[in-house]
Amino acid sequence: MAKKINKIAVLTSGGDAPGMNAAIRAVVRSCSYYNMECVGVYRGYQGLIDKDFEDLTARSVRNIINKGGTFLKSSRSEEFKTKEGRAKAHKNLIDAGVDALVVIGGDGTFTGGLYFNKEFNFPIVGIPATIDNDINGTDYTLGYDTALNTVVEAIDKIRDTASSHNRLFLIEVMGRDAGDIALNSGIGAGAEEVLLPEEDQGIQRMMDSLEKSKKSGKTSSIIVVAEGEKSGKNIFQLAEFISQSHKEYDIRVSVLGHIQRGGSPSCFDRVLASKLGVGAVEALTDGKTNIMVGVDRQKVVHVPLETALKEDREFDQELRRVANITSV
Ligand code: F6P
């Protein structure tokens, strides 16, 4: 029988994402609700190694549901990638009387958790949080909805200038390996073309789209480019490439960068964070370990960390089709 859980530690790791604070809050309050203790770990896995812990009560997490970033701070710890680092982290958890760990983050966070669980058989549950939405087995990751809304708002503003000056704008959005932000914001903001990491026909299609747009009477255009798109050219080289064959275009480049990661979480992300925080604590008290809590059609589901990390996420061909049709 699994050991009874009396004390849970929670940390955030990897790139921050809006909704992380709301998830920490839900974990802490679930512990309080079920009469368990909760420890916050600062600076992700590095804080586990440095024993940067603080006891958290239901009142410690007041007024944070609406805040972006993570009050526990985050890091990408190199030391945790070593066996010695993980051994130190394990000793600190045992010394502090911690029985289980909730890790909030993306693929790097889950990979660290998986190693840790395998080595020490320490109960771990992950909550998916990354603006990229690139985790297998959950419809949404925390922060993705907020980031999408930020991106659409920014593109709407850029559109005013594009249209007033008859310009072509190339706009870079985040997403090294996943085109979810680019494809969805592209559709939502009415872009003429979207270049994604999942496809490598992007440049030719982009040139064809520009040609078509011109013929159909469009006077300005917006192209959304995911940072990891496949052409091998960065966004400035893409702009140069277009201008060589289309001198008539007045082209501007805009890299949205880290404004996509910050800001107050959307209501969707706050509710998702609350569901997943409660789900994570309840999974641990039910004796589950080595899983991620995700959502599948609104319901909280348990997904093995190994599955969450699989890189064979299906690309949404239907959305691509919608983008093609609505941009004519
Ligand atoms: O994984 C989230 C993410 O925002 C990616 O989209 C982006 O490529 C990366 O983090 C940027 O990381 P950093 O903040 O370390 O530059």
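Just follow the structure's listing: the first ligand is 1, and inside any ligand the first atom is 1.
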Engineer: Look at the side chain of Ser164 and the backbone N and O of Asp160, then say whether any donor-acceptor pair between them is shorter than 3.5 Å.
Structural biologist: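 Checking the backbone N and O of Asp160 against the side chain of Ser164, a donor-acceptor pair under 3.5 Å is found.
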Engineer: Met174 heavy atoms, cut-off 4.0 Å: which ligand 1 atoms fall inside?
Structural biologist: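 So the atoms of ligand 1 that pass are 4 (O), 6 (O).
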Engineer: Could you tell me whether a side-chain N or O of Asp107 sits under 3.5 Å from a main-chain N or O of Asp134, the two making a donor and an acceptor?
Structural biologist: no
Engineer: Among all protein heavy atoms, pick the one closest to atom 16 (O) of ligand 1 and tell me residue, atom and distance.
Structural biologist: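 It is His258 NE2, 3.5 Å.
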Engineer: Starting from atom 7 (C) of ligand 1, find the nearest protein heavy-atom neighbour and note its residue, name and distance.
Structural biologist: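 Protein heavy atom at minimum distance: Glu227 OE2, 3.1 Å.
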Engineer: Within the distance-only criterion (no hydrogens, no angle test), does the side chain of Arg261 pair as donor or acceptor with the backbone N or O of Asp16 below 3.5 angstrom?
Structural biologist: yes
Engineer: Closest approach of Cys38 and Val27, non-hydrogen atoms and distance?
Structural biologist: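 Looks like SG-CG1, 4.4 Å.
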Engineer: In the protein, which heavy atom is nearest to atom 11 (C) of ligand 1, and how far is it?
Structural biologist: Arg261 NH1, 3.5 Å
Engineer: Within the structure, is a non-hydrogen atom of Gly106 found at a distance of less than 4.0 Å from ligand 1?
Structural biologist: no
Engineer: What do you reckon, does Arg76 put a non-hydrogen atom under 4.0 Å from ligand 1?
Structural biologist: yes
Engineer: Measure centre to centre between the rings of Phe116 and Phe80, then say whether the value is under 6.0 Å.
Structural biologist: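 Yes: the rings meet the under 6.0 Å criterion.
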Engineer: What is the closest protein heavy atom to atom 6 (O) of ligand 1, and at what distance does it sit?
Structural biologist: Asp132 OD1, 2.7 Å
Engineer: Between Thr146 and Asp269, do the side chains contain a donor N or O and an acceptor N or O under 3.5 Å apart?
Structural biologist: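 Indeed, the side chains of Asp269 and Thr146 share at least one donor-acceptor pair under 3.5 Å.
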